[in-house]
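First comes the structure, then the notes that go with it.
The chains referred to below are lettered A, B, ... by the order of the sequence lines, with proteins before strands, and numbering in each begins at 1. All figures in this text were calculated on a predicted structure; none of them were measured in a lab.
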Protein chains: 2
Amino acid sequence: MIDANVDDPGELMTIATTAAEKQLDLAALRNVPGFVIRLIQLKFFDGFYETFAELGLTPATYAILMLVRDNPGVVPSSIAALLRLQLPNLTKILHQLEDAGLVKRSRSKIDRRAIEITLTSKGEKLMRDAVRLTAPYNRRMLAPLNETERSTLIGLLNRICPF
Amino acid sequence: MIDANVDDPGELMTIATTAAEKQLDLAALRNVPGFVIRLIQLKFFDGFYETFAELGLTPATYAILMLVRDNPGVVPSSIAALLRLQLPNLTKILHQLEDAGLVKRSRSKIDRRAIEITLTSKGEKLMRDAVRLTAPYNRRMLAPLNETERSTLIGLLNRICPF
DNA sequence: TATTGTTATACTCTATAACTATA
DNA sequence: TATAGTTATAGAGTATAACAATA
C-alpha cells in the first residue's frame, strides 16, 4: 500500500463511485419519474437475467411466450402492437422460437395472410417452469416494499400503463 | 370498399392490433411489474422526445446535464456509475456535449487522471429551459393519477430505485 | 499494482424501406 | 388499394478489450 485516504483508511484512494460515497445531489432527478423508472427498469432487467437465463429466456421472449400461452392463435401483428415491437424484429424472434421448438406457426384459414401462433408442448413446459420462478423474482425486485405497498404500486403502474 | 367485417361496419376488415379490440388476455403479464415497467418506460421515452427534442436533449443527456448542474466538478466515473452507463460510452457523449459547448472538461488538480465536468453558461441556460418543460412533461405522463397518487407512486418508485 | 479516461470494436436492440401474397 | 408477414439493412444503445497517463 503506497498511499491511504484519511477518510477511507485501509483502502487505496479511489474516486467514490456511488451517490452515497460521493454525496451527490440527486434531489432533482429523483423527482423526475421517467429517470427513476429507467433505473428501476435496468434493475429489473439485471434481475430477470439472473433468474431466467437458465431457461434461455429474455424479457422479450418471456412476454411473447406468456402472451401466446394465454392467447393461443394470436397473430404477430397483435403481439407486436401490444409489446411495442416492430413487426420485422418480431418476425425474427418468432422464427427463432419456432426453430427452438417452442412455438408453432400456422396459416389462418380465415385470412391466409395471417399467421396464428401457438405454444408447442415444449413451449408450454418452459412457461410452467418460468411461472414457478416469477413470483420469487417479483418479490426480490420489490423487496424494499411490504405486501400492501407492492399491491399499491402494481395498481398505480397499471393505471399509467399504455394498454 | 370491397369487403366489410360484420362486427366492424364501415371499415375494411383488418386484424385488431390493440388489446381491447382483440380481447387479449393480459392478466398474467399485468401482474409482472417488470413487464409493466418496461411498457411505461417506453411511453416515458416517447413522451420525452415529444417534449424535449426541440432542445436537442435525449434522456441520457438530460440526466447527465442535470447531474452536472447539481454537482459541478463531478467526474465521469461517478456519472457512469450513477446513470448505469459504461465509461467508454459516457466518454463519447461527454465529448459531444463539449463540442456542443454545453459542458467544460478540466483536469482535476488533486488527481490528474480525473476530469472534472461543469456546465458552461450555455449549458446552464439549456437546463433552465429544460426545467421549465419538466413539470408539464411529468404531469402529462402521470395524467391518469391524481396529485396524491402521483406522490405515492414517486415515493414507492424511489424506495425500489437502486441508489 | 490499481485506477481514470480513452480508443477501437463488437454485439444487441430498434427502426425503415422494399418486397410477396393475400384481402 | 390496403394489410400481414418477410427480408435486408441501417442506426442507436450497450458491452468488452487494450492502451496511456497517473496514482
B:Ile64 atom CD1 is separated from D:dG13 atom P, nearest whole Å, by 11 Å
To the nearest angstrom, the CG-C1' distance between A:Asp46 and D:dT14 comes to 12 Å
Contacts of B:Lys109 and B:Arg84 projected onto DNA chain D by closest heavy atom; the upstream (5') one is B:Arg84
The nucleotide from D:dT22, D:dA4, C:dT7 with an atom nearest the side chain of B:Thr91 is C:dT7
Legend entry - N/O (side chain, B:Ser77) to phosphate O (OP1/OP2, C:dG5) under 4.0 Å: yes
The reported gap from CG in A:Leu102 to OG1 in A:Thr118 (rounded to nearest 0.5 angstrom) is 11.5 Å
Problem - Under 3.5 Å donor-acceptor, A:Tyr137 side chain and A:Glu50 backbone - result: no
Against the side chain of B:Tyr49, the closest entry in C:dG5, D:dG13, D:dA4 is D:dG13
*Return yes when atom CZ of B:Arg112 has more than 12 non-hydrogen atoms of other residues, nucleotides or ligands closer than 6.0 Å, and no otherwise.*
no
Ranking C:dG5, C:dT3, D:dA4 by distance to the side chain of B:Ile115, first place goes to C:dG5
Comparing nearest nucleotides in DNA chain D, the 5'-proximal residue of the pair A:His95, A:Leu42 is A:His95
Rounded to whole Å, CZ of A:Arg107 lies from P of C:dT20 at a distance of 15 Å
Original post:
Is the base of C:dT22 touched by the side chain of A:Arg112 through a donor-acceptor pair closer than 3.5 angstrom?
Top reply: no
Taken to the nearest whole Å, CZ/A:Arg113 to P/C:dT22 is 10 Å
Atom CD of B:Glu116 and atom P of C:dT4 are separated, to the nearest Å, by 14 Å
Here the distance between atom C1' of D:dT7 and atom CG of A:Leu90, to the nearest Å, is 14 Å
Hey, does the side chain of B:Thr61 reach the backbone of B:Leu57 with a donor-acceptor pair shorter than 3.5 angstrom?
-> no
Taken to the nearest whole Å, CG/B:Leu87 to P/C:dA2 is 18 Å
Per nearest nucleotide of DNA chain C, the residue lying toward the 5' end, A:Leu85 or B:Lys92, is B:Lys92
**Message:** Taking donor-acceptor contacts at under 3.5 Å, does the side chain of A:Asp111 reach the base of D:dA4?
**Reply:** no
Within the 4.0 Å heavy-atom criterion, would you say B:Pro88 contacts the bases, only the backbone, or no part of the nucleic acid? base
B:Gln86 has its side chain closest, among D:dG5, D:dT16, C:dT3, to D:dT16
Quick note, A:Asn89 side chain, CB onward, closest among C:dT14, C:dA21, C:dG5 is C:dT14
Between CZ of A:Phe45 and P of C:dT14 the distance, given in whole Å, is 7 Å
Only residue of B:Phe48, B:Tyr49, B:Phe44 satisfying ring-ring contact (aromatic ring centres under 6.0 Å, His included) with B:Tyr62 is B:Phe48
